[in-house]
Number of protein chains: 2
Amino acid sequence: MAEEQNAQDFTEDGDEGKRPLTRIQKVNRGKILEAALEVFSAHGFRGATLDQIAAEAGLSKPNVLYYFPSKEAIHEALLAGLLDIWLAPLRKMDPEGEPREEIMRYMRRKLEMSREMPRESRLFANEVLQGAPRIGAGLSTDLKTLVDEKAAVIDTWIAQGRLAPVDPHHLIFSIWALTQHYADFDVQVRAVLGPGKDPIEGAAPFLELLFTRLLTP
Amino acid sequence: MAEEQNAQDFTEDGDEGKRPLTRIQKVNRGKILEAALEVFSAHGFRGATLDQIAAEAGLSKPNVLYYFPSKEAIHEALLAGLLDIWLAPLRKMDPEGEPREEIMRYMRRKLEMSREMPRESRLFANEVLQGAPRIGAGLSTDLKTLVDEKAAVIDTWIAQGRLAPVDPHHLIFSIWALTQHYADFDVQVRAVLGPGKDPIEGAAPFLELLFTRLLTP
DNA sequence: GAACAGTTTGACCAATCGGTCAGGGTCACG
DNA sequence: CGTGACCCTGACCGATTGGTCAAACTGTTC
C-alpha cells in the first residue's frame with residue numbers, strides 16, 4: 001500500500017494552520033464539494049467515482065486530487081459540517097417558548113430542509129443506511145447528547161400539562177422520519193402521486209394536522 | 001448461522017424453461033440469495049462485490065456465477081419478489097372492515113416487518129434512494145395503482161364520517177415513513193436511545209397513540 | 001521580467017471487479 | 001459400473017478505479 005503520508009498537509013493542524021486560501025483554491029474546492037454532493041448523494045460513496053465528480057466539477061481527475069488527498073477526504077469534508085447543519089433546527093428549539101409552537105416550528109423547518117436540501121438528506125441517509133461507518137461516532141455522542149437534552153425539555157413541558165404525554169425520543173424520531181421521507185424517497189412519492197404537484201406542498205398541511213392532533217393535550 | 005428458509009424456488013420462464021430444479025440447485029440458489037440480501041442491503045448494489053457474496057454464501061465466485069448469469073441478475077432476483085412482499089399487508093386492507101382498525105392493523109404489520117425483515121427494508125431503501133433504477137417501473141404502475149385504490153377506500157371511509165378527514169396518500173406515506181425508519185435508520189435510532197432495549201418496542205405504543213389521535217374523528 | 005509558488009494535465013500504475021473458460025470432479029440412474 | 005448430466009474450480013482477462021508523477025503552464029510579487 002502507499003504508506004507515504006504527506007506530512008505537509010491541509011487544515012488538520014491543531015495549532016497555527018493558518019492558510020490564506022487562494023481565490024482559485026476557494027473556487028475550486030467549492031466546485032468539487034458541490035459536485036461531490038451531487039454525485040455522492042445520488043450514488044452513495046462506493047457508487048460514486050472520482051471521474052464523475054471531476055466531470056461534474058469541470059476539472060480533471062488529477063486536479064481534483066490536487067485539492068483533496070483522496071476520495072475519502074472529499075466525502076469526509078462533506079459529512080463534516082452536515083451533522084451540524086442537520087441538527088441546527090433542533091438546537092434552536094427554545095425551552096422558554098410555547099411548547100407546541102416550538103415543536104411545530106422544528107417540524108416545519110425540517111420539512112423545508114427536505115425541499116431545499118434533498119441532496120444533503122440523501123447523503124446522510126446513504127451514510128446511516130450503510131451503518132454510518134464514517135459518522136457513527138458523532139451519532140452516539142453529539143447527536144445523542146442533543147436529543148437527550150431536548151427530550152428532557154419536552155418531558156418538562158409534558159409534566160406541566162402543556163403537551164400531550166408522548167415519548168419524546170420517538171416524537172423526535174417521528175419528525176425525522178416524516179420529513180426526511182419526502183427527500184429520501186422522493187422518486188417513490190412522486191411515482192405514487194403522479195406528475196405535477198410538489199409532494200411537499202401536500203405534506204405540509206397533513207403534517208400540521210398530524211402533529212397538532214398528537215400534541216394537543 | 002442464520003438458517004432462513006428462503007422459500008423462493010422460482011421457476012420463471014413462461015417458456016420451455018421447465019427444468020425440475022435439482023436439490024443442490026435449490027440449496028445453493030437459496031444460499032446465494034440469502035448471502036446477497038445480507039451484502040446488498042448492507043452496502044448497496046454498487047458497494048457489494050461478487051466475492052463478498054460468494055464468501056458469505058460459502059461458495060466460489062465462479063460457482064455463484066454458475067447459478068446466476070450476473071451480479072445484476074442476483075439483485076434482480078432479490079428485488080423481484082420484494083415489492084409484492086412489501087405491499088402484501090396493504091393489499092390485505094379490507095374495505096369492509098372497521099376503518100380505524102384496518103389502518104392500525106396495517107401500521108402494526110409494517111412495524112413488525114421492520115423488526116423481522118430489516119434487511120429487506122434496507123435493500124428497498126437503497127434502491128429507492130438512488131432513484132429506483134431497477135424497479136422504477138413497478139413504482140409508477142403496480143405501486144401507484146394499489147395505493148390509489150386504497151386511498152379511494154380511505155376517502156370513502158372519511159366521507160362516511162368513520163375516520164377523521166386526512167389526505168389518504170400522505171396517510172399511507174406516513175405509515176411507510178414511521179415504520180421503515182426503524183429498520184433503515186436502525187444505527188441512528190440505537191445510537192440515540194443507547195444500548196439495551198429494542199427500539200421498536202418503544203415505537204409500538206407511540207405509533208398506536210399517534211395514529212389513534214390522528215384518525216379518530 | 002525574473003522568480004517562485006500555485007495550478008493543471010497526460011501518461012501511467014497497481015489493485016479490484018465482473019465475468020469467462022477449459023477441464024476435472026460428482027451425482028443419479030440404468 | 002458405466003455414462004451422461006450436473007456441479008465446481010483455478011487460472012485468467014479486459015475494464016474500471018483510486019491514486020501518482022514529472023513536466024508544463026499560470027498567476028503574483030518584487
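Just so it is clear: chains get the letters A, B, ... in the order the sequence lines come, proteins before strands, and each one is counted from 1.
- Summarising the geometry, the separation between CZ on Phe68(A) and P on dG18(D) is reported as 16 Å, rounded to the nearest angstrom.
- Atom CG of Asp51(A) is separated from atom P of dT16(D) by 10 Å (rounded to the nearest Å).
- Atom pair Ile53(A):CD1 and dT17(D):P shows a separation of 12 Å (rounding to whole Å applied).
- In this entry the distance linking NZ of Lys71(A) with P of dT16(C) reads 14 Å, nearest Å.
- When the side-chain nitrogen and oxygen atoms of Arg46(A) are compared with OP1 and OP2 of dC17(C), one or more of them lie within a distance under 4.0 Å.
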**OP:** Going 5' to 3' through nucleotides 3-12 of chain C, assign each nucleotide B (protein heavy atom under 4.0 Å from a base atom), S (under 4.0 Å only from sugar-phosphate atoms) or - (no protein heavy atom that close).
**Re:** ---SBBBBB-
Would you give me the side-chain donor-acceptor pairs under 3.5 Å for residues 38-45 of chain B, sequence neighbours excluded?
{"residue": "Glu38(B)", "atom": "OE1", "partner": "Arg119(B)", "partner atom": "NH1", "Å": "2.6"}
{"residue": "Ser41(B)", "atom": "OG", "partner": "Leu37(B)", "partner atom": "O", "Å": "2.7"}
{"residue": "Ser41(B)", "atom": "OG", "partner": "Glu38(B)", "partner atom": "O", "Å": "3.2"}

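- The pair Arg105(A)-Glu102(A) counts as a salt bridge, with a side-chain nitrogen and a carboxylate oxygen less than 4.0 angstrom apart.
- Atom P of nucleotide dT17(D) and atom NE2 of His43(A) are separated by 11 Å, given to the nearest angstrom.
- Side-chain atoms of Glu127(A) come within 3.5 Å of backbone atoms of Ile135(A) as a donor-acceptor pair (strictly under, hydrogens ignored).
- Distance CG (Leu50(B)) to P (dA15(C)): 21 Å, rounded to an integer number of Å.
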**OP:** Determine, stepwise, if the pair His169(B) / Asp148(B) fulfils side-chain hydrogen bond (donor to acceptor under 3.5 Å, both in side chains).
**Re:** CA-CA 8 Å; His169(B) 284 97; Asp148(B) 283 345; 2.8 Å; yes
Original post:
What do the steps show when you test Glu101(B) against Arg108(B) for salt bridge (charged side-chain N to carboxylate O under 4.0 Å, His left out), and what is the final call?
Top reply: CA-CA 10 Å; Glu101(B) 186 51 29; Arg108(B) 283 184 211 116; 3.2 Å; yes
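- Leu65(B) comes within contact range of at least one nucleobase, with a heavy-atom separation under 4.0 Å.
- With hydrogens and angles ignored, the 3.5 Å screen pairs no side-chain donor or acceptor of Glu116(B) with any backbone N or O of Met113(B).
- Note on Ala48(A): only backbone sugar-phosphate atoms sit closer than 4.0 angstrom, heavy atoms only; bases stay farther off.
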